[in-house]
Amino acid sequence: MLSKTIESKLQSQIEKEASSSQLYLAMACWADVNGFSGAASFLYAHSDEERMHMLKLVKFINERGGHATVPALPKPTKEFETLQAVFKSILEHEILVTASINDIITACLKENDHTTNNFMQWYISEQMEEEQLARSILDKLEMIGSEKSSLYMFDKDLEAASKTHA
Ligand code: FEO
């Protein structure tokens, strides 16, 4: 049985994962209409992945005697400056999500909630991968700068990466 504190922390994590999914979907739309079809595929897939993260939490709460609430979400922005700005914002966002997952684990340890702690370990590994991936994409984009033919090639690489990572 979940304590009220843990349930409420998991609930706010649901909101963060759902917001991530919406944000990445808005980024995918921007990439799609700006000629970055590889980045768009990557971001559509990433958006789906965040929805799956949300759903896992929803099911966990319901299976553990709680009742998950489907959150209302703010509308994400439609406009982004550059592809580099998109991935910079993803990395910053994922760092915040990791901090929030760490906070849940700290609360689980305080309450001796080993079941939720164990469940949340999956998110820890997932965050490590996501931060690492966003960092490596951002590093490459920083090297490329605004050089069009390299950006084009990089976009093709993201198409391939979307099939393996996102
Ligand atoms: Fe599910 Fe990328 O946080």
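Side chains are part of it too, since the values below use all heavy atoms of this structure and drop only hydrogens, waters and symmetry mates. Note that the structure is a prediction, hence the values are computed from the model and not measured. In each ligand, atom 1 is the first atom listed, and ligand 1 is the first ligand listed.
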Closer than 2.8 Å to atom 2 (Fe) of ligand 1: does that hold for any N, O or S atom in Glu130? yes
Can you name the nearest heavy-atom pair linking Thr98 to Glu131, along with the distance? OG1-OE2, 2.6 Å
In His53, the N, O or S atom nearest to atom 1 (Fe) of ligand 1 is which? ND1
Under 6.0 Å from the ring centre and within 45 degrees of the ring axis: does the NZ or CZ of Lys56 meet both conditions for the six-membered ring of Trp122? yes
So does Cys108 get a backbone contact from the side chain of Asn117, meaning a donor-acceptor N/O pair under 3.5 Å? no
Between atom 1 (Fe) of ligand 1 and Glu50, which N, O or S atom of the residue is the nearest one? OE1
Contact check: Glu17 to atom 2 (Fe) of ligand 1, N/O/S below 2.8 Å: no
Is the ring centre of Phe42 less than 6.0 Å from the ring centre of Phe87? yes
